[in-house]
Amino acid sequence: MGLIHIYCGNGKGKTTAAVGLALRAAGQGMKVHFIQFLKGSETGEINILKHIKGISVERCDRNYGFYNTMSDKDKTEIICCHNKMLANAIVLANQESIDMLIMDEFNAAYNYGLMDKVTAENFIINKPEHLELIITGRNPDKKIIEKADYVSCIKAVKHPYEKGINARKGIEY
């Protein structure tokens, strides 16, 4: 029986927690599909996940940047990409081709309307019973929290960004 996990909050570590769970699951022979919304630049976790047996990774073919800097054309393109990834994940889950689905940065993409929200909600509410579903990102919708079995909120107490230290290779990306 698969459950629903949410890693949320304004602290660092939501994607890292999901990646750790992907590694644990793959290490036990589970098939993991990791889809990443919004993020498109090179990251250490994506670089290594692509090489691990039992883990597949899907993301958009380019980095669109932050929502508030996207053009209308960028928003249209990223919605199309997100909807394709979501549709593919739903097919894989329903065919029982995967045991775990990680939807990284789902909450932001969902909240910004950068996907078909009805399809996303219906999938989460009616997810296949066998599927372990992991959702990350800030500010999850109340309906999704209610459906979840695990909700872990990562709180930022202190972050080097506050001192003007930018994201560092191998640490934040």
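All values reported here derive from a predicted model rather than from experimental measurement.
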Worksheet item: Under 6.0 Å from the six-membered ring centre of Y173 and within 45° of its axis: does the NZ or CZ of K39 meet both?
Response: no
Worksheet item: So do Y67 and K75 actually touch side chain to side chain, heavy atoms under 4.5 Å?
Response: yes
Item to complete: Specify the closest pair of heavy atoms between A25 and V32, including all atoms of both residues, with the distance to one decimal.
Response: CB-CG2, 3.8 Å
Worksheet, complete the sentence: So CD of E105 and OH of Y112: to nearest 0.5 Å the spacing works out to 10.0 Å
Discussion item. Are the side chains of D141 and I144 in contact, using a 4.5 Å heavy-atom criterion?
Written reply: yes
Discussion item. Tell me if a side-chain donor or acceptor on H5 pairs with a main-chain N or O of Y150 at a distance below 3.5 Å.
Written reply: no
Item to complete: Start with the C-alpha distance between F34 and M100, add both sets of side-chain angles, then the distance that settles side-chain contact (heavy atoms from CB on, under 4.5 Å), and finish with yes or no.
Response: CA-CA 8 Å; F34 187 100; M100 177 181 286; over 6 Å; no
Worksheet item: When hydrophobic residues are tied together by side-chain contacts of less than 4.5 Å, even through go-betweens, does I154 share a cluster with V19?
Response: no
Worksheet item: Does D149 reach the main-chain N or O of L3 with its side chain, forming a donor-acceptor pair under 3.5 Å?
Response: no
Worksheet entry | Salt bridge flag under 4.0 Å for residues K73 and E77 | yes
Worksheet item: Is the count of non-hydrogen atoms from other residues, nucleotides or ligands lying under 6.0 Å from K84 atom NZ greater than 12?
Response: no
Item to complete: State, with a plain yes or no, whether a side-chain heavy atom of N107 is found less than 4.5 Å away from one of Y110.
Response: no
Worksheet item: Is the shortest heavy-atom distance from the side chain of L38 to the side chain of M70 under 4.5 Å?
Response: yes
Worksheet entry | Sole residue of I135, T136, I134 in side chain to side chain contact (heavy atoms under 4.5 Å, CB included) with M103 | I135
Item to complete: I would like to know whether I90 and T119 meet side-chain contact (heavy atoms from CB on, under 4.5 Å); could you show each step before the answer?
Response: CA-CA 9 Å; I90 291 169; T119 298; 3.7 Å; yes
Item to complete: Enter the distance from I46:CD1 to S41:OG here, rounded to the nearest 0.5 Å.
Response: 9.5 Å
Practice prompt. Measure the spacing between CD of E45 and OG1 of T15 and express it to the nearest 0.5 Å.
Written response: 6.0 Å
Worksheet item: Are C60 and C81 close enough, and set up right, to give a disulfide bond (SG atoms under 2.5 Å apart), and what steps lead you there?
Response: CA-CA 6 Å; C60 295; C81 174; 2.1 Å; yes
Discussion item. Test side-chain contact (heavy atoms from CB on, under 4.5 Å) on R59 and I35; report intermediate values, then the result.
Written reply: CA-CA 6 Å; R59 53 200 317 236; I35 60 176; over 6 Å; no
Discussion item. Using only atom types and a distance under 3.5 Å, with no angle test, would you say the side chain of N83 pairs donor to acceptor with the backbone of D116?
Written reply: yes
Fill in: CZ on F106 to CG on L133, rounded to 0.5 Å
8.5 Å
Fill in: side-chain contact (heavy atoms from CB on, under 4.5 Å) between L23 and L49, worked out
CA-CA 8 Å; L23 293 174; L49 286 176; 4.3 Å; yes
Worksheet item: Between atom NZ of K143 and atom CD1 of I124, what is the distance when rounded to the nearest 0.5 Å?
Response: 10.0 Å
Worksheet item: Under 4.5 Å between side-chain heavy atoms, hopping through other hydrophobics if needed: is there a path connecting I98 to L86?
Response: yes
Worksheet, complete the sentence: salt bridge (charged side-chain N to carboxylate O under 4.0 Å, His left out) filter on K127, not counting sequence neighbours, yields none
Response to the item:
For A109 and F37 the tightest heavy-atom approach is CB-CB, 3.7 Å
Item to complete: Check the hydrophobic clustering (I, L, V, M, F, W, Y; side-chain heavy atoms under 4.5 Å; chains of links allowed) and say if L101 and I55 are grouped together.
Response: no
Worksheet entry | Path from I102 to M85 over hydrophobic side-chain contacts below 4.5 Å | no
Item to complete: Would you kindly confirm whether M115 and I145 end up in one hydrophobic cluster when ILVMFWY residues are joined by side chain heavy atoms under 4.5 Å apart?
Response: yes
Discussion item. How about CZ on R62, more than 12 heavy atoms from neighbouring residues, nucleotides or ligands closer than 6.0 Å, or not?
Written reply: yes
Discussion item. For Q36, is there any backbone N or O sitting under 3.5 Å from a side-chain donor or acceptor partner on D104?
Written reply: no
Discussion item. Quick check on E162: does its CD atom have over 12 non-hydrogen neighbours (other residues, nucleotides or ligands) under 6.0 Å away?
Written reply: yes
Discussion item. Between K14 and G9 (side chain of the first, backbone of the second, donor and acceptor by atom type, cut-off under 3.5 Å), is there such a pair?
Written reply: yes
Worksheet item: Just wondering, do Y7 and T16 contact through their side chains at under 4.5 Å, heavy atoms?
Response: no
Worksheet entry | Heavy-atom neighbours of D72 CG exceed 12 at 6.0 Å | no
Fill in: Minimal non-hydrogen separation, E58 against H33, with atom names
OE1-NE2, 2.9 Å
Discussion item. What's the separation between atom CZ in F66 and atom CG in N68, rounded to the nearest 0.5 Å?
Written reply: 8.0 Å
Worksheet entry | Exercise: identify the closest heavy-atom pair between I6 and A148 | CD1-CB, 3.6 Å
Discussion item. Restricting to non-hydrogen atoms, name the atom on N111 and the atom on N139 that form the minimum distance, rounded to 0.1 Å.
Written reply: ND2-O, 2.7 Å
Discussion item. Can you confirm whether S71 sits close enough to Y64 that some side-chain heavy atom of one is under 4.5 Å from a side-chain heavy atom of the other?
Written reply: no
Item to complete: Quick one: closest heavy-atom pair of K12 and I171, and the distance?
Response: NZ-O, 3.2 Å
